[in-house]
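Okay, so here's the structure we're looking at.
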Amino acid sequence: MARLNTFPVSVKVAGRRIVIVGGDGEALAKARLAVKTSAEVVVFAAEVETDFSGLEVTVIERAVEAADFDNAALAFVADHGPDGARALEMARAAGVPVNEVDVPENCDFFTPAIVNRAPISIAISSEGDAPVLARLVRARIEAMLSPRLGELAQLAGAMREKVAALLPDGVFRRRYYEALVTAPAIEGALAADRGEAAADALLALHAEAKGGEGVVWLIGAGPGAEDLLTLRAQRLLQEADVIVHDQLVPGAVVEMGRRDAERICVGKAKGHHSFSQAQINTLIARLAREGKKVARLKSGDPMVFGRAGEEIAALRKAGIEYAVVPGVTAALAAAADTATPVTLRKVSSGFVFATAHGADDGDLQHWAALAGSGLTLGLYMGKSIAADVARRLMEHGVSAAMPVGIVVNAGRADKALYAGTVGALAAGEIEFVDGPAVIFVGEAVAQGDWARAETIAAVAERVA
Ligand code: SAH
């Protein structure tokens, strides 16, 4: 992810002043922004060319002086002449962050587009690059949020002491607040001026139930791109108290959880077994028993080579509530990346997803028969043994001309494609790029769009 060159913060301005230097339309625009706060807004201009009446600002008709910056929290300079230049110097000397309107190089800070639901504010900033885009984003957010959001926030604030007394556990407290700000009944009660009574009633319910039981959600994170996550997965990640994830789940997806959610990486990358499967089973059951909502995040689909079966068995044995949220499995992401139909009328009547890792001769024989009868094979965990698998498929009767396609890092920006035949794969010693891979074998594979794929050539052909 690109890094920000500015850091969004909220500056305290209550009881302080915001100084605006300049008397034209630019100054007026900043004055309009500044009066959204409770700061004292003071405009200094030797010549006032526009009408500030109707805004709660003090207009002083003279050039600004050093003393005017006393107790200022922020300053805007909308005068690009010598008075403005002096104002910049004085503000800096007084240690007041300053913004020269539309001159980014003279700005200590930028003003974001603001969605105001005091005490909640949402700032959308483009670091000065694309203010129009920032305003469009603001319009969307405005439309999304209840106009009562500010009242809800105030209500939550007013409940704080009572909630702390009745719900000492942080997890249950958070759950109460979540219910408070999302329940339509509370919004209705606010409209009827009965907000606090409704909040009290909800609190009594939560105190009685002690916040309820824990749960484990087995969530598929998809092949790696954040936007291939389901909306349900995204919502539950936001709700989870703990996120227990595998190594293969990309950081950006793990980041989508709440900022204060605990995150536990249980490893399981090839070669790093930091947690055994038994330890994982015990861990998620224990967390749920503590009353926590656990997101067990797995790459792809949790039910495909994800050992979900074992985790579910452990949860059922312990009597813990669970749910499975599907994700895009690697082979289907690979099919999408290459527009390969894994089923195709008159060519492939079905597909088989299998793990090449640990496959014995009986498995290979079986798959060879399936591929021979027109099914598409999607082999997981087979990149390092790809040539060997191809060779053994041929031994069991798969034709050397049978199409093969391999996708490394499917569903991600850094995907790499390789295409050829079983014969070429068996003979070639191909160097794949790093990353997990799916190997397709079958007649339907040739129908995919592998134009950007590197050709898997047999060693003999390469030499020739
Ligand atoms: N539950 C996962 C599979 C986990 S097993 C799923 O449904 O996709 C790990 C194997 O999945 C890897 O060895 C590789 O074969 C495959 N895999 C996972 N992510 C992949 C990706 N982005 N591209 C290609 N293959 C991937």
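Both ligands and their constituent atoms are indexed starting at 1 by order of listing. Predicted, not measured: the structure shown is a model, and the values here were computed from it.
Protein heavy atom in closest approach to atom 10 (C) of ligand 1: M381 CG, 3.7 Å. Scanning the protein for heavy atoms near atom 4 (C) of ligand 1, the closest one is F305 O, 3.5 Å. Atom 2 (C) of ligand 1 has S299 O, 3.2 Å as its closest protein atom, hydrogens excluded (heavy atom only). For atom 16 (C) of ligand 1, the closest non-hydrogen atom of the protein is Y380 CD2, 3.6 Å. Among all protein heavy atoms, the one lying closest to atom 21 (C) of ligand 1 is A410 N, 3.6 Å. Of the protein's heavy atoms, L248 CD1, 3.9 Å lies nearest to atom 9 (C) of ligand 1. Summary of contacts: the protein heavy atom closest to atom 7 (O) of ligand 1 is T329 OG1, 2.6 Å. Scanning all protein heavy atoms for the shortest distance to atom 1 (N) of ligand 1 gives V304 O, 2.7 Å.
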Pair R286-E290, salt bridge (Lys or Arg N to Asp or Glu O under 4.0 Å): steps then yes or no: CA-CA 6 Å; R286 176 175 60 74; E290 289 169 5; 3.0 Å; yes
Would you sort out whether D337 and R412 count as a salt bridge (Lys or Arg N to Asp or Glu O under 4.0 Å), showing the intermediate values? CA-CA 9 Å; D337 279 342; R412 305 185 191 172; over 6 Å; no
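Salt-bridge annotation for K162 and E196: present, with a side-chain N of the basic residue lying under 4.0 Å from a carboxylate O of the acidic one.
Ligand 1 has no N or O atom lying under 3.5 Å from any N or O atom of P302, backbone or side chain. The shortest N/O to N/O separation between G382 and ligand 1 does not fall below 3.5 Å. Note: an N/O pair closer than 3.5 Å links A330 and ligand 1 by distance alone. Inclusion of P223 in the set of residues having an N or O under 3.5 Å from an N or O of ligand 1 is warranted.
In this structure, G411 does not count as a contact residue of ligand 1, since none of its heavy atoms falls inside 4.0 Å of the ligand. Residue R412 places a heavy atom less than 4.0 Å from ligand 1.
Inter-residue side-chain proximity for L74 and N99 is flagged as unmet; no heavy-atom pair is nearer than 4.5 Å. Two residues are said to be in side-chain contact when any heavy atoms from C-beta on lie closer than 4.5 Å; L417 and I406 fail this criterion.
Annotation: H396, atom NE2; neighbour count of heavy atoms from other residues, nucleotides and ligands within 6.0 Å is above 12. The environment of CZ in R140 is sparse: at most 12 heavy-atom neighbours from other residues, nucleotides or ligands sit within 6.0 Å.
Under 4.0 angstrom from ligand 1, there are no non-hydrogen atoms of K383. Contact annotation for V407 and ligand 1: only backbone heavy atoms (N, CA, C, O) come within less than 4.0 Å of the ligand. Under 4.0 angstrom from ligand 1, the non-hydrogen atoms of A437 all belong to its backbone.
Close contacts of ligand 1 with V438, meaning ligand atoms under 4.0 Å from a residue heavy atom, involve 24 (C), 25 (N).
A pairwise comparison of heavy atoms in E255 and R263 identifies O-NH2, 3.7 Å as the closest pair.
Annotation: side chain to side chain donor-acceptor pair (under 3.5 Å) contacts involving residues 442-452, sequence neighbours excluded, comprise T340-W450. Within the structure, ring-ring contact (aromatic ring centres under 6.0 Å, His included) contacts touching residues 216-236 (residues at least two apart or in different chains) do not occur.
For F109 and F76, the ring centers sit closer than 6.0 Å to each other.
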